[in-house]
Trainee: 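Dropping the structure in here first, questions after.
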Amino acid sequence: MSRSEIGVYGLGLLAQLLFSSRILVQWIRSEKAGEVLSPTSFWTFSLLASFLLMVYGVLRNDLVIIGGQVISYFIYMRNLRFKNVWQELPGWVRWPSILFPMAALLWLIFGDVYSLQYIWKHSHIADSLVIWGGAGQVIFTLRFVYQWYYSEKAQESILPNGFWVISLIGSLMIMSYAVFRLDPVLFIGQIFGVVAYSRNLYIGLRNQKTSQTVTS
């Protein structure tokens with residue numbers, strides 16, 4: 001493995017480490033509180049990790065990874081606004097964060113190296129595998145659309161039970177994609193998530209059952 005490949009995998013592992021850290025912090029705090037929480041660190045780590053993973057996806061010529069991050073990236077920002085954190089960040093942090101996906105999209109469309117056409121030509125991934133991996137990423141991303149919907153209704157950042165169900169389904173699909181893609185970064189990043197998603201779902205369902213028992 002060349003130094004450049006080690007650097008690319010290192011970038012991807014750093015992104016996955018941040019993703020795992022966010023869910024670990026969220027999990028620990030939820031266990032202590034006895035309910036599913038949505039801490040600010042979950043969203044700050046998510047935004048930074050998403051940025052790094054999009055860069056990793058470009059360097060790996062993987063449209064599945066890139067596409068999987070685009071929508072959730074902006075939802076992370078929205079949750080930080082619910083937390084009243086986004087407004088307090090300095091402009092040199094907020095504006096590059098907003099402009100990065102737009103600049104990346106323009107580069108994918110009009111660039112020469114690592115453009116959309118270049119990535120598609122050099123991806124060497126079977127169409128069926130792209131479809132499967134893409135479907136997994138779509139489902140995995142829809143969990144944040146689902147979370148966004150419920151948070152907008154409540155006007156606060158929350159993580160409903162459905163979020164964890166969708167997370168589990170999407171994560172298992174991405175893990176299988178990673179096996180066929182021979183991508184250790186994606187696979188390692190999902191293993192811990194499956195455990196944490198399952199535990200959060202258990203806590204959420206337990207509290208929901210307790211609430212129903214009390215009200216009845």
Side-chain angles (χ1 to χ4, degrees), residues 15 18-27 29-30 33-51 53-54 57 63-89 94 97-102 104-105 131-175 177 189-190 193-212 215:
L18 288 170
F19 276 132
S20 297
S21 297
R22 71 171 183 180
I23 196 67
L24 178 61
V25 172
Q26 184 276 332
W27 183 10
R29 293 188 62 179
S30 295
E35 61 177 322
V36 177
L37 300 179
S38 172
T40 301
S41 58
F42 182 89
W43 305 108
T44 53
F45 282 25
S46 294
L47 188 63
L48 179 57
S50 182
F51 170 85
L53 199 60
M54 276 193 278
L63 290 174
V64 170
I65 294 175
I66 299 169
Q69 295 301 313
V70 173
I71 296 176
S72 54
Y73 184 86
F74 288 101
I75 295 176
Y76 300 151
M77 292 182 186
R78 180 58 176 163
N79 277 276
L80 286 174
R81 183 172 289 275
F82 280 131
K83 293 288 187 179
N84 295 317
V85 173
W86 180 255
Q87 303 90 316
E88 298 178 1
L89 293 174
R94 284 184 288 126
S97 298
I98 294 172
L99 295 175
F100 168 72
M102 302 176 189
L105 180 60
I131 292 172
W132 176 254
Q137 284 288 10
V138 167
I139 292 173
F140 207 57
T141 301
L142 283 177
R143 67 186 181 145
F144 281 109
V145 176
Y146 181 88
Q147 184 273 337
W148 181 24
Y149 169 76
Y150 274 87
S151 295
E152 290 288 351
K153 285 181 65 177
Q155 284 300 295
E156 64 175 318
S157 180
I158 58 175
L159 294 168
N161 291 336
F163 174 85
W164 305 112
V165 174
I166 300 172
S167 295
L168 276 170
I169 296 172
S171 185
L172 291 172
M173 291 179 68
I174 293 172
M175 281 182 67
Y177 168 80
Q190 296 299 325
V194 168
V195 176
Y197 303 151
S198 300
R199 180 59 182 170
N200 273 284
L201 179 59
Y202 171 79
I203 294 173
L205 291 175
R206 182 188 63 192
N207 289 344
Q208 181 180 350
K209 184 177 180 179
T210 300
S211 299
Q212 290 173 347
T215 54

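Residue indices begin at 1 and follow the sequence shown.
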Trainee: How long is the span from the CH2 atom in W132 to the CE atom in M173, to the nearest 0.5 Å?
Mentor: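 Rounded to the nearest 0.5 Å, the CH2-CE separation comes out at 4.0 Å.
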Trainee: Taking the inter-plane angle between the rings of Y76 and W43 on a 0 to 90° scale, is it parallel (under 30°), tilted (30 to 60°) or perpendicular (over 60°)?
Mentor: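 Because their plane-to-plane angle lies in the 30° to 60° range, the rings of Y76 and W43 count as tilted.
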Trainee: Can you list the residues that meet the side chain to side chain contact (heavy atoms under 4.5 Å, CB included) rule with I158, with sequence neighbours excluded?
Mentor: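 With neighbours one apart ignored, the set is Y150, S151, A154, E156, P160.
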Trainee: Ignoring hydrogens and angles, tell me if any N or O in the side chain of R143 forms a donor-acceptor pair with the backbone of S167 under 3.5 Å.
Mentor: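 No, because the side chain of R143 does not come within donor-acceptor range (under 3.5 Å) of the backbone of S167.
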Trainee: Does the side-chain contact (heavy atoms from CB on, under 4.5 Å) test come out yes or no for S50 and L53, once each step is laid out?
Mentor: CA-CA 5 Å; S50 182; L53 199 60; 5.8 Å; no
Trainee: Keeping the roles fixed (side chain from N207, backbone from G34), state whether a donor-acceptor pair exists under 3.5 Å.
Mentor: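 It does hold such a pair.
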Trainee: Return the OH to CG distance between Y146 and L159, rounded to the nearest 0.5 Å.
Mentor: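 With rounding to 0.5 Å, OH (Y146) is 11.5 Å from CG (L159).
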Trainee: What's the shortest heavy-atom distance between V194 and M175, and which atoms?
Mentor: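 So the two residues come closest at CG2-SD, 3.8 Å.
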Trainee: Could you pull out the closest heavy-atom pair between M54 and Q69, with the gap in Å?
Mentor: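 The pair with the smallest heavy-atom distance is CG-CB, 3.4 Å.
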Trainee: Quick one: OH on Y202 to CG on N161, what's the gap to the nearest 0.5 Å?
Mentor: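 So the gap between those two atoms works out to 13.0 Å.
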Trainee: Taking all non-hydrogen atoms of both residues, which atom of N79 and which atom of S157 are closest, and how far apart?
Mentor: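 Nearest heavy atoms, N79 then S157: OD1-OG, 2.8 Å.
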Trainee: Starting from the C-alpha separation in whole Å, work towards a yes-or-no answer on side-chain contact (heavy atoms from CB on, under 4.5 Å) for Q190 and Y177.
Mentor: CA-CA 11 Å; Q190 296 299 325; Y177 168 80; over 6 Å; no
Trainee: Only counting residues at least two apart or in another chain, list the ones meeting ring-ring contact (aromatic ring centres under 6.0 Å, His included) with F42.
Mentor: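 Expected list: none.
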Trainee: What do you reckon, are the aromatic ring centroids of F163 and Y197 less than 6.0 Å apart?
Mentor: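 Centroid separation for F163 and Y197: 6.0 Å or greater.
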Trainee: State, to 0.1 Å, how close A196 and W27 come at their nearest heavy-atom pair, and which atoms those are.
Mentor: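 It is CB-CE3, 4.0 Å.
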Trainee: With a 4.5 Å cut-off on side-chain heavy atoms, are T44 and S41 touching?
Mentor: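 Contact flag for S41/T44 side chains = yes.
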Trainee: List for me each residue that meets side chain to side chain contact (heavy atoms under 4.5 Å, CB included) alongside E152, sequence neighbours excluded, and say none if there are none.
Mentor: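 Listed in chain order: R78, F82, W148, Q155.
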Trainee: How many angstroms lie between CD1 in I166 and CD1 in I139, if you round to the nearest 0.5 Å?
Mentor: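 The CD1 atom of I166 sits 9.0 Å away from the CD1 atom of I139.
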Trainee: Starting at CD of Q208, measure out to OG1 of T210 and round the result to the nearest 0.5 Å.
Mentor: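 It is 10.0 Å, given to the nearest 0.5 Å.
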Trainee: Measuring from atom CD of Q26 to atom CZ of F45, what distance do you get when rounded to the nearest 0.5 angstrom?
Mentor: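 Nearest 0.5 Å value for the CD-CZ distance: 13.0 Å.
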Trainee: If you take all heavy atoms of I75 and Q147, which pair is closest and at what distance?
Mentor: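 I75 and Q147 have their closest heavy atoms at CG2-OE1, 3.9 Å.
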Trainee: If every non-hydrogen atom of A15 is compared with every non-hydrogen atom of A49, which pair is closest and at what distance?
Mentor: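 Taking every non-hydrogen atom into account, O-CB, 3.4 Å.
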